[in-house]
Amino acid sequence: SWVIWVEGYYSYVRFLIPIFLIFNFSLNANEYNLSWYPKDNYFDSINTPTNLKYSLINTDGVWEDNKGSYGVMNCLVSLLTKNNEETELNGLCQADDESKNEAKFWVTLKRNSLETAGVGKITYVAGTGIYKKVIGMSCPYAVKYIQKTYAIIKQKCSEEFFNKLN
């Protein structure tokens, strides 16, 4: 009957959910994930009558990763925005790792997408301590702006990147 089928279905689902969670966790266990929460401090911008805008921004915020590290990251960023939508972003950032005896890393940011959200590439260009091992490696990132001056940035790197930080 229908009641027996529902009870059997829920028993089946209760059995599958823990397996799915374990499988999903094991698939992502060796990826390196970094989250950064910056606030933009605009220095200056120039606008043209043809809807072209060039901006220089200083941004800073705290970051954390899935290895238990955390710290502060500061960036200088240039933005070229066309028609209030398409944006070319280039930046250089310095991050201090407060959990690793004053280790630091420097990254470049590159993105061509919408002004308010998008995806780009982070490249590790210098580092001290454990971050020396990832110099030259790149990872994708996604950004979503909140109220035009705050952002959430999520970076996801490969298992190879994760293993180099061990």
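Quick caveat, the model's predicted, so the values are computed rather than measured.
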Nearest atoms (heavy-atom pairs only) where S138 meets T123: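 Looks like OG-OG1, 2.8 Å.
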
To the nearest 0.5 Å, tell me how far [X] [atom1] sits from [Y] [atom2].
X	Y	atom1	atom2	answer
T128	K104	OG1	NZ	7.5 Å
N74	N58	CG	CG	6.5 Å
N112	K121	CG	NZ	11.0 Å

Criterion side chain to side chain contact (heavy atoms under 4.5 Å, CB included) against V107, the qualifying member of L92, L34, I122: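 With V107 as partner, L92, L34, I122 yield a single side chain to side chain contact (heavy atoms under 4.5 Å, CB included), made by I122.
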
Would you say [Y] ends up clustered with [X] if hydrophobic residues are merged whenever their side chains have heavy atoms under 4.5 Å apart, either directly or through other cluster members?
X	Y	answer
V134	I130	yes
M137	W63	yes
L79	L52	no
Y145	Y141	yes
I146	V62	yes

Contacts table for residues 159-166: side-chain donor-acceptor under 3.5 angstrom, sequence neighbours left out:
unit_1: E159; atom_1: OE2; unit_2: N30; atom_2: ND2; d: 3.4
unit_1: N163; atom_1: ND2; unit_2: E159; atom_2: O; d: 3.3
unit_1: N166; atom_1: OD1; unit_2: K67; atom_2: NZ; d: 2.6

Checking the side chain of [X] only, and the main-chain atoms of [Y] only, is there a donor and an acceptor separated by less than 3.5 Å?
X	Y	value
N66	E31	yes
T59	C75	no
T48	T50	yes
S35	K154	no
D97	S99	yes

Residues D40 and T149: side-chain donor-acceptor under 3.5 angstrom: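 Per modelled atom types, D40 and T149 side chains form no pair under 3.5 Å.
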
Pair Y37-E64, side-chain donor/acceptor within less than 3.5 Å: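 Result is yes, a qualifying pair exists.
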
Measure the shortest side-chain to side-chain distance between [X] and [Y] over non-hydrogen atoms and say whether it is less than 4.5 angstrom.
X	Y	result
I153	P38	yes
W36	V143	no
P140	V119	no

Parallel, tilted or perpendicular, as decided by the 30° and 60° cut-offs, for the rings of Y131 and F105: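 The arrangement is tilted - the two ring planes meet at 30° to 60°.
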
R111, K82, K53 screened by salt bridge (Lys or Arg N to Asp or Glu O under 4.0 Å) with E88, the one that passes: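 Only one option passes, and that is K82.
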
Derivation of the side chain to side chain contact (heavy atoms under 4.5 Å, CB included) call for C93 and L109: CA-CA 8 Å; C93 306; L109 302 172; 3.6 Å; yes

Disulfide bond (SG atoms under 2.5 Å apart) partners of residues 33-62, not counting sequence neighbours, each pair once: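 Not a single pair qualifies under disulfide bond (SG atoms under 2.5 Å apart).
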
Neighbour count >12 (heavy atoms, 6.0 Å) for atom CD, E98: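 Correct, the count exceeds 12.
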
